[in-house]
Each structure stands twice: as C-alpha cells, then as structure tokens.
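Working notes, structure below.
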Amino acid sequence: MTSFRMLLAMVLCLFVMSACAGAASPTITPSKVDLSVRAEPEPPAVGDSELIVTLKDAQGTPIDGMLIQAHGNMDHAGMAPVDGESHESLKGVYRIPFEWTMGGGWFVTITATLPDGSKISRDFSFTVEAVSSESIIRRATGTPASDFSALNIAYSPDRSPALVGSGIVIITVTGPDGAPVTNAMVKVTGNMLHEGMMPITGEGKHMGEGQYQVSLQWSMAGDWQVVVNVTRPDGTHAERTFDQDVVMP
C-alpha cells in the first residue's frame, strides 16, 4: 500500500511539473519575430525624424523591453552613416530618433537584441526628399553682407582637407586697425555645393587674441562652402564665405 502511495505521489508530481512547464512563456526565437519600420513624418525629408519600429511574435503579440538599433547608410559612397537606438517601447512599438542628413536613397538596418542575447536584423530602404534649394549657399567667396570693411575675418580648419566626422575650425576676427576682436558673436554655417544636403552649424567660443573655436560635424565628403557671420555688441556685422574640401578618413 505504501508503494502504491509513493507511486501515486510521483505521478502527481510529474503531472504538476508538466503543467508548470506548459504554462511558461514561450521562447522568443528570431524566426518567430515580425519586425517592421516606418518613418515619421512620412514621406521622410532631410532633417530630424523618428523611426517607428514594431516588434511582434508569431502570434501577433507585442514584444517589449528589447534593445532596438538603427544603422543608416546612403546608397552611394562618401556619406557618414547615421545611428540611433531605443529600449523603451509601448505595446511593441519603439521610437528611435533619427536624422536624415541628405536627400536621396537610404538603406537602414534595424537590429533587435532578444532576451537570450541573439539578434535579428532586417534591411529597409527609404527615399528621402531634399530640402529646398534656398538653403544652399550660392554666394561668391568674399561677398560682403553689410559693413565688411569694419571687420577682418580669417578661417582656419584643424586640418586640410577636413575629414568626415567631428572637426574644428578657428575663426580669427580683427578690427580695421588689426586689433583682436574679443567680444563678438561668431556663427558658422556650412553647405555642400549641391541640393539635398542639410546644413551644418556651429557657434564660436573665444579662446583669446580674437580667435574663436567652432566645432562642426562634417557629414559628407565633397566640396563645401562655409559662411562665417560675425556680429559685435555695437551691431557691427560682417560675413565671409570660404571654400572647404572634405574627404573620408
């Protein structure tokens, strides 16, 4: 009788273990994940955007809490890639801040890291609209904006040619008498010599002796024009345009 009770207890234990195993959450595997993406606003245009990534399992249940990464490249060489990521979601929807730096064809790879450490990647293509041609600088080098004779402006990059990525330019400002101008507001704007490229901008930090350091993010190799705009507290204003060659590292 005791043996029968022991056997019955073992059968019940196995039944409970089997039931618990059946109630466990199913393992998420790459082959069972549905991943989709869209851009917002739509259609995408040069500038700030968001990639809306939706992650679901084979039954259509939203998958939350994953790390989602985006890596974007244009369909031609010479353009710096754009990256973004997010691990926050609502009902399987992840929003990734993303910047389209130029109009044209893009390839974006979306990668999701699953709980077991495995990853799935999907490639998507986008066509990005160009910005208005009004944003492209078409002024000749040295063209004055206002009282050009009141200030002298010199431009010097940290290296020539500049490299795609982070860079620094030094703007030296002096008065008509050659004395350093130490209290000016210095703004720098760079554009490429073709349509569809988002401008880059930076503001100067005075380093002494009329020299202002400006950080810029060169986003593509090619020919650039850089406009330096200087304003003194008394309203004296000057502007110069400089040519800049940028190459891949």
Side-chain angles (χ1 to χ4, degrees), residues 46-49 72 74 77-85 97-102 131-249:
V46 169
D48 292 334
S49 175
M74 293 203 71
M79 191 69 184
V82 177
D83 294 289
E85 67 178 38
F98 200 80
E99 181 184 14
W100 306 108
T101 52
M102 183 178 179
V131 296
S132 169
S133 60
E134 294 179 357
S135 68
I136 303 303
I137 300 172
R138 300 186 181 278
R139 291 184 290 268
T141 301
T143 301
S146 57
D147 188 7
F148 189 78
S149 62
L151 294 173
N152 301 308
I153 302 172
Y155 168 91
S156 178
D158 56 350
R159 59 182 300 148
S160 185
L163 300 180
V164 170
S166 299
I168 293 174
V169 299
I170 301 297
I171 307 301
T172 303
V173 185
T174 57
D177 58 355
V181 176
T182 62
N183 57 353
M185 177 183 295
V186 177
K187 294 184 178 180
V188 174
T189 302
N191 267 289
M192 295 201 74
L193 298 181
H194 58 73
E195 296 182 9
M197 191 67 191
M198 185 176 181
I200 61 173
T201 59
E203 294 190 4
K205 178 181 179 181
H206 186 242
M207 307 301 292
E209 297 299 320
Q211 293 189 334
Y212 297 78
Q213 179 176 296
V214 184
S215 297
L216 294 174
Q217 188 73 24
W218 303 108
S219 52
M220 184 177 181
D223 296 325
W224 289 73
Q225 282 190 335
V226 179
V227 173
V228 179
N229 190 298
V230 178
T231 304
R232 299 182 72 171
D234 63 2
T236 306
H237 170 74
E239 183 176 292
R240 274 191 183 271
T241 303
F242 300 88
D243 294 322
Q244 177 66 65
D245 184 28
V246 179
V247 299
M248 291 296 292

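Everything numeric here is computed off the predicted structure, so don't read it as measured data.
- The side chain to side chain contact (heavy atoms under 4.5 Å, CB included) check on S49 picks up A39, P41, W100, with sequence neighbours excluded.
- With a 4.5 Å cut-off on side-chain heavy atoms, W224 and I200 count as touching.
- Atom CG of residue L163 and atom CH2 of residue W218 lie 11.0 Å apart, to the nearest 0.5 angstrom.
- Closest approach of G204 and V214 over heavy atoms only: CA-CG2, 3.5 Å.
- To the nearest 0.5 Å, atoms CD1 (I170) and CD (Q213) are separated by 4.5 Å.
- Across all non-hydrogen atoms, the minimal contact from V230 to A184 is CG1-CB, 3.7 Å.
- Between I168 atom CD1 and L216 atom CG the span is 9.0 Å, to the nearest 0.5 Å.
- Partners of E203 according to the side chain to side chain contact (heavy atoms under 4.5 Å, CB included) rule, which considers only residues two or more places apart in sequence or in another chain, are K187.
- The number of heavy atoms from other shown groups lying within 6.0 Å of CE (M248) is above 12.
- Here the side chains of S219 and M198 are not in contact, with every heavy-atom distance at 4.5 Å or above.
- Heavy-atom minimum distance, S166 versus Q217: OG-OE1, 2.9 Å.
- Here the shortest heavy-atom pairing between E239 and N229 reads OE1-ND2, 3.0 Å.
- Counting only heavy atoms from C-beta outward, the side chains of V169 and V226 never approach each other to under 4.5 Å.
- Between D223 and D243 there is no side-chain heavy-atom pair separated by less than 4.5 Å.
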